[in-house]
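Working notes for the structure below.
Below, chains carry the letters A, B, ... as their sequence lines are ordered, and counting in each starts from 1.
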Amino acid sequence: MFNKLIADIFNEIAALLSIDENASQFEVRAYQKAALTIGTLQEPIEDIYAKGGKEALQKLPGIGSTLADRIIEYIKTGKIEKYEELKKKYPIDIKALTSIEGMGAKKAITLYKKLGVKNIEDLKKAISRHEISKLPGFGEKSESLIEKGIELIEQSKGRMLLGDALPIAERIVEELKKSGLVTNAVIAGSTRRMRETVGDLDILALSNRQEEVMDFFTRLSDVSNIIAKGPTKTTVWLKIGMSCDLRVIEPESFSAALQYFTGSKEHNIEVRKIAIKNGYKLNEYGLFKGNARVKVKSEAEIYEKLGMQYIPPEMREDRGEIKLAMEHKIPKLIELGDLKGDLHTHTKESDGANTLEEMAEAAKAKGLSYIAVTNHTKSLKVSNGMDEKGFEEFFKRIDKFNEKEDSFKVLKGAEVDILQDGSLDLSRKLIEEMDVVIAAIHSHLSMDEEEMTMRIEKALDTGLVDIFAHPTGRLILERDPYKVNMESLFESAERNNVVMEINSFPNRLDLSDTNILLASNYKINFAINTDAHRTSHFEFLRYGIGTARRGWLTKDRVINTLDLKRLEKLLEIT
DNA sequence: GCCGTTTTCGGCCCGACTGTTTTCAGTCG
């Protein structure tokens, strides 16, 4: 898969071109836009080329004849001549240097020309000799800022899980509201769009006491230091290792600001182009016709004035949602309240932390009317997997539990391990007795694609599987997906009527948003499950819902939006 | 270097903050 490699090279070319006198800023932007396209592609770019040639590449947004040639050059030779030439001209580690907060390509090249700084190590040496502060255009403050920037990079891990970031953003918003200094505070940015990882937090506040709000904000206990502080925008570094922006907004600008700061950047660029086409100007302060502000009470009204339907934040990624909005075909996305049950949970009997009764209580408190308890099977020793006898005894306890319940039911199930050879880790007889059979891969993850695809398909072809859990096995920021041909997987699921799981665990979110979009083209249904191992994990459902919405999913494609009766009919539970 | 319900040429999103400057370039989102 060359996508990330090529995207990185294009970004580096853009950075190097931005300091090159022969290049225009628009050429720079062209490389950046192409890098973004390639970096967020769902399919390996070499496959796109193999299937459709240069023409297929040129169909990608921001990629024309020249850039298509450069991509082909990389696929064929592993090199891009233009990049090699630029590197010769400017032999510096531009990627590392510009990753320092406050350091762009121009500063990096000045440091190279004046001090011979090629990488972060050189930069550290220059700082220790206090050479930077003596350069024209730089000063004492620049030097210490760069030093701080290097420190921040070395201690930060880059992006962070939505499941870690969202609660902190919510806490900051709550504290701002409690301060009495703001009339409203909301989360914007990628956190509002429910992206699976978040690079920084964006918060908007409504207030006419700007200075006081900023003072309050910079003194919050989550804050470690201040990066920039102004009356309308302040940036701080949080103790958890990410930055957080606070913008204080005037009431008449609030809707426009929320739209603007929610992003994505790519979505906004397209929306602003449409505004211009319609004789408007859209920025963070409002929608303008000439110099006159057009009164809008909500984000929805902004989209409406531009001839579009309201676009939910989770869809704002410039993946075709703007066209849909123009045609008024935005689907009614699934919501948290649509879920009636959870079909993937664990108890103490395998590797969960709580009892059957405790899990049921917690699910009820979340407004659910059924759960399936799906403990691990015997081969998964590390998770205390259960054997046939263990399940039989446990199922008797579930029967007893259900006798006492009238408006809630626990379904009998298992998360059956798919063994290395594709066979299932429990007897056929027991599996057939179960209400909900989840199959999953937990071991031998490094098979090649063909082998892994066959292994999974063999399991699905038994006809015994209801749901395929966390279908790619990835752990976000930790482990890549195992290699599997997604198209054949979805075809096999369609053939065998197997439901694809959207696992809501914050470090799984598997299927991902892009895989959901891909899977939606097949006649398959989905289940949004928590994989809860303790009562507090039911909280994770909102991340699964967020991911499903990012995959444009509607309620009718998700089986655990069905009430118990309909679900039992669908899964043929007697 | 890309792109077209104004265009195959001439546009390309736009404003805040900072540091080092005396009016602005660089960086960021």
Whole angstrom is fine here: how far is it from [atom1] in [X] over to [atom2] in [N]?
X        : N      : atom1 : atom2 : value
A:Asp202 : B:dA16 : CG    : P     : 16 Å
A:Leu97  : B:dG26 : CG    : P     : 17 Å
A:Leu17  : B:dC2  : CG    : C1'   : 14 Å
A:Gln32  : B:dG1  : CD    : P     : 14 Å
A:Met103 : B:dC28 : CE    : P     : 9 Å
A:Lys229 : B:dG19 : NZ    : C1'   : 18 Å
A:Glu211 : B:dC17 : CD    : P     : 11 Å
A:Ile109 : B:dT27 : CD1   : P     : 11 Å

N or O in side chain of [X] less than 4.0 angstrom from [N] OP1/OP2:
X        : N      : value
A:Asn283 : B:dC14 : no
A:Thr235 : B:dC17 : no
A:Lys107 : B:dT18 : no
A:Ser142 : B:dT20 : yes

Can a salt bridge be assigned to the pair [X] and [Y] using a cut-off of 4.0 Å between side-chain N and carboxylate O?
X        : Y        : value
A:Lys82  : A:Glu27  : yes
A:Lys233 : A:Glu284 : no
A:Glu327 : A:Lys323 : yes
A:Glu170 : A:Arg542 : yes
A:Lys178 : A:Glu175 : no

Looking at the side chain of [X], which of [options] is the nearest nucleotide?
X        : options                : value
A:Lys281 : B:dC14, B:dA16, B:dG1  : B:dC14
A:Leu145 : B:dC17, B:dG19, B:dG1  : B:dG19
A:Ala228 : B:dG15, B:dG29, B:dC17 : B:dC17

Measuring from A:Phe138:CZ to A:Glu131:CD, what's the distance to the nearest 0.5 Å?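 One finds 12.5 Å between CZ of A:Phe138 and CD of A:Glu131.
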To the closest 0.5 Å, what do you measure between CD (A:Gln259) and OG (A:Ser298)?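 OG of A:Ser298 is found 11.5 Å from CD of A:Gln259.
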Please work out if [X] contacts a base, only the sugar-phosphate, or nothing of the nucleic acid, heavy-atom cut-off 4.0 Å.
X        : value
A:Lys265 : base
A:Glu140 : sugar-phosphate
A:Ile100 : sugar-phosphate
A:Tyr285 : sugar-phosphate

Taking atom [atom1] in both [N] and [M], compute the distance separating them and give it to the nearest angstrom.
N      : M      : atom1 : answer
B:dC9  : B:dA16 : P     : 38 Å
B:dC2  : B:dT7  : C1'   : 13 Å
B:dT6  : B:dC12 : C1'   : 15 Å
B:dT20 : B:dC14 : P     : 30 Å
B:dG1  : B:dT8  : C1'   : 15 Å
B:dT23 : B:dT18 : C1'   : 15 Å

Can you tell me the Watson-Crick or wobble partner of B:dG26, both distances under 3.5 angstrom?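 Its partner is B:dC17 (Watson-Crick or G-U wobble, both distances under 3.5 Å).
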Can you pull out the residues from residues 69-91 of chain A that lie within a 4.0 Å heavy-atom distance of DNA chain B?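 Residues of residues 69-91 of chain A that come under 4.0 Å of DNA chain B are, in numerical order, A:Arg70, A:Lys82.
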Need to verify one output field. Residue with the more 5' nearest nucleotide on DNA chain B, A:Ala105 or A:Glu27?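 Result: A:Glu27.
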5' priority, DNA chain B, between A:Thr98 and A:Lys141 [closest heavy atom]: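 Upstream on the strand: A:Lys141.
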I'd like to know whether the aromatic ring centres of A:Phe2 and A:Tyr74 sit less than 6.0 Å apart in this structure.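 Yes: the rings meet the under 6.0 Å criterion.
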Any residue meeting side chain to side chain donor-acceptor pair (under 3.5 Å) with [X], in chain and number order, not counting sequence neighbours:
X        : value
A:Asp222 : A:Arg171
A:Glu43  : A:Lys51
A:Glu335 : A:Lys332

For A:Lys54, check side chain to side chain contact (heavy atoms under 4.5 Å, CB included) against everything at least two apart and list the hits.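 Counting only residues at least two positions away or on another chain, A:Lys54 forms a side chain to side chain contact (heavy atoms under 4.5 Å, CB included) with A:Gln58, A:Ser65, A:Ala68, A:Asp69, A:Ile72.
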For a quick check, tell me whether the side chain of A:Tyr260 and the base of B:dG15 share a donor-acceptor pair closer than 3.5 Å.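 Flag unset: no donor-acceptor pair detected.
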Might you list the N or O atoms of the protein lying below 3.5 Å from N or O atoms in nucleotides 3-12 of chain B, with each pair's distance?
| from | atom 1 | to | atom 2 | distance (Å) |
| --- | --- | --- | --- | --- |
| B:dC3 | OP1 | A:Gly62 | N | 2.8 |

